[in-house]
2 protein chains.
Amino acid sequence: MTTARTPVPEAARHLGLRERKKLKTRMAIRDATYSLIREQGYDATTVEQIADRAEVSQSTVFRYFPAKEDIVLTDEYDALLEGLLRERPAGEPVRESLRWAIRKAMTMALTDNPDHGQEEMLLRVRLMVEVPQVRSRLMESMSVTGRLLCRALAERTGRHENDLEVRVYAMGLMGALLETMIYWVEGDCREDVLELIDRTLAVCADLPRR
Amino acid sequence: MTTARTPVPEAARHLGLRERKKLKTRMAIRDATYSLIREQGYDATTVEQIADRAEVSQSTVFRYFPAKEDIVLTDEYDALLEGLLRERPAGEPVRESLRWAIRKAMTMALTDNPDHGQEEMLLRVRLMVEVPQVRSRLMESMSVTGRLLCRALAERTGRHENDLEVRVYAMGLMGALLETMIYWVEGDCREDVLELIDRTLAVCADLPRR
DNA sequence: CCATGAAATGAGAGTAGCTGTCAAAAACAT
DNA sequence: ATGTTTTTGACAGCTACTCTCATTTCATGG
């Protein structure tokens, strides 16, 4: 297998050879996928081609990613968002905490991205919006992020994480934010995302403590 | 092909033989699918089995329904909701109009359902929540319903249907309502849906006119 | 009633995503 | 170097879905 185009992160240096190889394979598959998609588009790219270019077998591709869509959709941002949310002062209105946490997560996602360039990030967002299968998978993962949000919201408002109100607020917000991204991509990413997010949150109510 | 278990609606009587047959086939496929799912579950039911029981070829199944999920997911309620929304007085706050329109649509969906029993409706909702593929498809159709909502909301608020605020409000609402349904099904449909919907809308902000 | 055109169907081959199995190869431990 | 465990590749198989083409079924005008 050829060396992955994207450099292995420093954090991985101390791992054993086995672990390092796994990271390499993972990245080789992703790089192969992205380059093929750039050349031919998502649908025209088969898993066989991906495996060939990454110089691994099809089995290995599916061992690393449960489905084709997952190759382009790795959510590393759930944990980030949760952390950022916990950093905000406890007394702050929920909606304000959300605003800052989301702003920061978004900024980090779009700028200092360690293993993909910004251009790759934009392609990713575009695929989320344009390819139905990827969008579907994204929506699925939205409900995971939603549950996470529920926990954070419950903590802050003194409600239970399974409260209808908490869950509805969380999923409503996820829907709203996804639509914001779609709006942004439809406008060719020319508008300022942070401003769009502000406008989005202005439409949403605050979730009051109880 | 055997006669469909569900009776052909009266409204179809005046149609030509060809059209009537098409309706019958459609219903035969759906009935076959539902009975098979009740027996074996969704995943264990193959399109081949469905075709066999409906006494139709596989080609025909795919001619009537673009995907397996679509057999259980026929959205007849988008148009209904739109109509109900238009019936509300123009001066009423948007959120109130939504409350009544959604309540009524939900009531109609769950009670006076012409061609499926209530039990079939509940199975359908349960599939939406429990089977990932069906849920995915449902989420896809949510964005269609969302666009429809955008139009209605734009009309009422004097905004443009492509306004970020309108779109965010619509999709936020869709996310919230979907979560409400999931909550309801998770509690085995024992709680009063209409009350849950009221509580959901209480969490949402109103969309102000401009 | 029949002939002609149009629409619906069935049969079959083919594609791609995905799963599972099993033996070979690579990494690790001793 | 030897034995153990993990990772991999090759292969077979399943199913959803597509496409094509010949055949059947309905509609229509003479």
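Side-chain atoms are counted along with the backbone in the values below, which use heavy atoms only and exclude waters and symmetry mates. Sequence lines set the chain letters: A, B, ... in the order given, protein chains first and strands last, and positions in each chain run from 1.
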What closest approach, in Å, do [X] and [Y] show between heavy atoms, and which atom pair accounts for it?
| X | Y | value |
| --- | --- | --- |
| Ala154(B) | His160(B) | CB-C, 3.8 Å |
| Ala51(B) | Gln58(B) | CB-N, 3.8 Å |
| Leu73(B) | Arg124(B) | C-NH2, 4.5 Å |

Could you tell me the separation between the [atom1] atom of [X] and the [atom2] atom of [N], rounded to a whole number of Å?
| X | N | atom1 | atom2 | value |
| --- | --- | --- | --- | --- |
| Gln49(A) | dA16(C) | CD | P | 8 Å |
| Glu55(A) | dT8(D) | CD | P | 14 Å |
| Leu36(A) | dG17(C) | CG | P | 12 Å |
| Gln133(A) | dA16(C) | CD | P | 13 Å |
| Ile29(A) | dT7(D) | CD1 | P | 14 Å |
| Arg20(A) | dA26(C) | CZ | P | 17 Å |
| Glu48(A) | dG9(D) | CD | P | 14 Å |

Close N/O contacts between protein and nucleotides 18-20 of chain C (under 3.5 Å):
| unit_1 | atom_1 | unit_2 | atom_2 | d |
| --- | --- | --- | --- | --- |
| dC18(C) | OP2 | Lys68(A) | N | 2.7 |

Hey, are the side chains of [X] and [Y] touching, using non-hydrogen atoms and a 4.5 Å cut-off?
| X | Y | value |
| --- | --- | --- |
| Ile182(B) | Arg167(A) | yes |
| Ile197(B) | Trp184(B) | no |
| Val94(A) | Ser97(A) | no |

* To do: Under the salt bridge (charged side-chain N to carboxylate O under 4.0 Å, His left out) rule, collect the residues that match up with Glu165(A), sequence neighbours excluded.
  => Arg199(B)
* Map Arg63(A) and Tyr42(A) onto DNA chain C by nearest heavy atom, then report which one ends up closer to the 5' terminus. => Tyr42(A)
Is any side-chain nitrogen or oxygen of [X] closer than 4.0 Å to OP1 or OP2 of [N]?
| X | N | value |
| --- | --- | --- |
| Thr60(A) | dG9(D) | yes |
| Lys21(B) | dT25(D) | no |
| Tyr64(A) | dT8(D) | yes |

* Heavy atoms under 4.0 Å, any strand shown: does Phe65(B) hit a base, just sugar-phosphate, or nothing? -> nothing
Just the table, please: protein N/O against nucleotides 27-30 of chain D N/O, every pair under 3.5 Å.
| unit_1 | atom_1 | unit_2 | atom_2 | d |
| --- | --- | --- | --- | --- |
| dA27(D) | OP1 | Leu17(B) | N | 3.1 |
| dA27(D) | OP1 | Arg18(B) | N | 3.2 |

* Glu48(A) atom CD, neighbour heavy-atom count above 12 within 6.0 Å -> no
* Spacing of Tyr183(B) atom OH and Leu196(B) atom CG [to the nearest 0.5 Å] -> 6.5 Å
